[in-house]
Amino acid sequence: MGLDIADIVAAEPRELADFRGRAVAIDAYNALYQFLSSIRQPDGTQLMSPEGKVTSHLAGLIYRNSSLLEVGVRPVYVFDGKPHPLKSSTISERRSRREAAEVEWREALEAGDMEKARTKAQQSTRLTGDMVQESADLLGLLGIPCIMAPGEGEAQASHMAARGDVWAAASQDYDSILFGSPRLIRNMTLSGRRKVPRRDIYVTIRPEMIEAERALAQLGMTREQLVDLGILMGTDFNEGVRGIGPKKGMKLVKELGDAKAVMAAKGYDIPSIDAVREIFLKPNVTDAYELKWKSPDVAGIVAFLCDRRGFSHQRIEATVGKIAAAKSASAQKSIDAWF
DNA sequence: CGAGTGTA
DNA sequence: TACACTCGG
């Protein structure tokens with residue numbers, strides 16, 4: 001999923017506190033998928049309310065945003081709008097992979113292979129319209145602004161960062177750099193050790209930042225050339241050339257100047273190249289949004305999460321209490337009058 | 001994923 | 001205090 005250029009761009013390690021006072025546009029679908037896929041029991045079952053509704057995304061959102069607000073980060077969530085027609089084959093491929101994974105999940109469970117069951121369960125992760133709606137509802141109760149993008153959420157988040165309305169875009173995918181965000185934050189979470197699946201080792205996950213200008217200078221490429229590299233490697237909107245990865249693709253684009261020259265020289269054919277270039281370089285975005293953070297609606301959060309979804313009163317009250325405490329602390333320190 | 005707890 | 005591990009819904 002998304003462009004994988006981790007091997008060729010350097011990401012700088014950061015701590016969450018480095019982003020204190022910054023507004024950050026978070027790719028909502030990316031975050032929700034991450035919660036839905038990873039907040040699971042060892043056999044792969046998601047957290048659920050007594051009525052059987054999945055709650056993993058809500059658990060992820062409340063705890064993640066509590067730590068963001070506590071350190072003074074101002075999150076904005078940007079949801080995907082209408083997918084581009086060129087994305088349809090990616091979308092149907094993802095659906096069939098999810099369906100296959102769901103079958104393999106059941107099989108692994110029957111075989112008693114819990115490791116495999118969990119992995120397959122994670123690959124079967126689905127994000128429903130209902131989950132999106134209640135995520136937006138919870139963010140509203142937290143006083144966090146939500147924006148509906150006309151097209152790709154990542155494009156809209158990048159546009160807001162490019163305009164300076166937010167300081168950075170946050171996503172696990174690198175596409176924000178292609179969409180023109182000056183900064184990309186990955187792993188926007190408190191640093192912590194996590195067990196790597198299948199292996200008996202732990203790694204420390206910490207936030208990292210990619211600065212577009214620095215990354216492009218380091219690569220010796222323009223943004224247009226990076227978009228062309230993405231197109232050669234394959235994006236959500238085109239298939240890419242077999243055998244072209246970040247290393248070989250970068251070498252060719254730099255030698256020959258752009259993807260069309262590479263295609264001509266090597267006899268590659270990517271019919272949609274002009275349309276895909278336009279998706280990244282002239283993205284479908286809007287300026288019609290308002291960023292306004294409000295105090296959390298404590299009673300509303302408790303009513304929703306505890307009374308309607310079975311969350312523990314004790315946990316939720318403690319979590320929301322931390323947000324309120326951080327709010328008054330930041331007001332005292334005059335970091336910013338953003339509530 | 002992130003909070004909380006047990007252990008040294 | 002530091003970190004491994006379990007539980008949450």
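Lettering of chains follows the sequences in order, A, B, ..., and the numbering in each one begins at 1. Everything numeric in this text was worked out from a predicted model, so none of it was measured.
For Arg64(A), there are no side chain to side chain donor-acceptor pair (under 3.5 Å) partners at least two apart in sequence or on another chain. Not counting sequence neighbours, the partners of Lys260(A) by the side chain to side chain contact (heavy atoms under 4.5 Å, CB included) test are Asp258(A), Ile273(A), Asp274(A), Arg277(A).
Side-chain contact check for Val54(A) versus His57(A): some heavy-atom pair is nearer than 4.5 Å. Residues Met209(A) and Arg183(A) are in side-chain contact: their nearest non-hydrogen atoms beyond the backbone lie under 4.5 Å apart. Counting heavy atoms from C-beta outward, Lys53(A) and Met48(A) have side chains that stay 4.5 Å or more apart.
The nearest heavy atom of DNA chain C to Arg193(A) and to Ile316(A) marks one nucleotide each, and the one closer to the 5' end goes with Arg193(A). Heavy-atom nearest nucleotides on DNA chain C were determined for Tyr202(A) and for Thr55(A), and the one closer to the 5' end corresponds to Tyr202(A).
Criterion: ILVMFWY side-chain heavy atoms under 4.5 Å apart, direct or through other members. Under it, Leu252(A) and Val276(A) are part of a common hydrophobic cluster.
Side-chain contact of Gln34(A) with Asn30(A): a donor-acceptor pair under 3.5 Å is absent, judged by distance alone. Side-chain contact, Thr189(A) with Asn187(A): no donor N or O sits under 3.5 Å from an acceptor N or O.
Among the heavy atoms of the strands lying under 4.0 Å from Gly310(A) are primed sugar atoms or P, OP1, OP2 only; no base atom is included. Looking at heavy-atom distances under 4.0 Å, Ser66(A) makes no contact with the nucleic acid at all. Within the 4.0 angstrom heavy-atom criterion, only backbone atoms of the sugar-phosphate kind lie near Ser312(A); the bases stay farther away.
Contact between the side-chain N/O atoms of Arg64(A) and the OP1/OP2 oxygens of dG2(B) is found at a separation under 4.0 Å.
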N/O-N/O pairs, protein side and nucleotides 5-8 of chain B side, under 3.5 Å:
none

Can you check ring pair (Phe, Tyr, Trp, His ring centres under 6.0 Å) on Phe237(A) and Phe280(A), steps first, answer last? CA-CA 10 Å; Phe237(A) 312 98; Phe280(A) 287 108; 5.8 Å; yes
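With respect to Lys120(A) and Glu107(A), no salt bridge is recorded, no charged nitrogen being found less than 4.0 Å from a carboxylate O.
Note: CZ (Phe35(A)) to P (dC1(B)) measures 9 Å, nearest angstrom. The CG-C1' distance, from Leu190(A) to dG4(B), rounds to 14 Å in whole Å. To the nearest angstrom, P of dG4(B) lies 13 Å from CD of Glu317(A).
Sorted by first and then second residue, the pairs that involve residues 157-169 of chain A and meet salt bridge (charged side-chain N to carboxylate O under 4.0 Å, His left out), not counting sequence neighbours, are Arg163(A)-Asp165(A), Arg163(A)-Asp287(A).
The stretch residues 37-45 of chain A comes close to DNA chain B through Ser38(A), Ile39(A), each having a heavy atom under 4.0 Å from the strand.
Read 5' to 3', the first and last nucleotides of DNA chain C with an atom closer than 4.0 Å to a heavy atom of chain A are dA4(C) to dG9(C).
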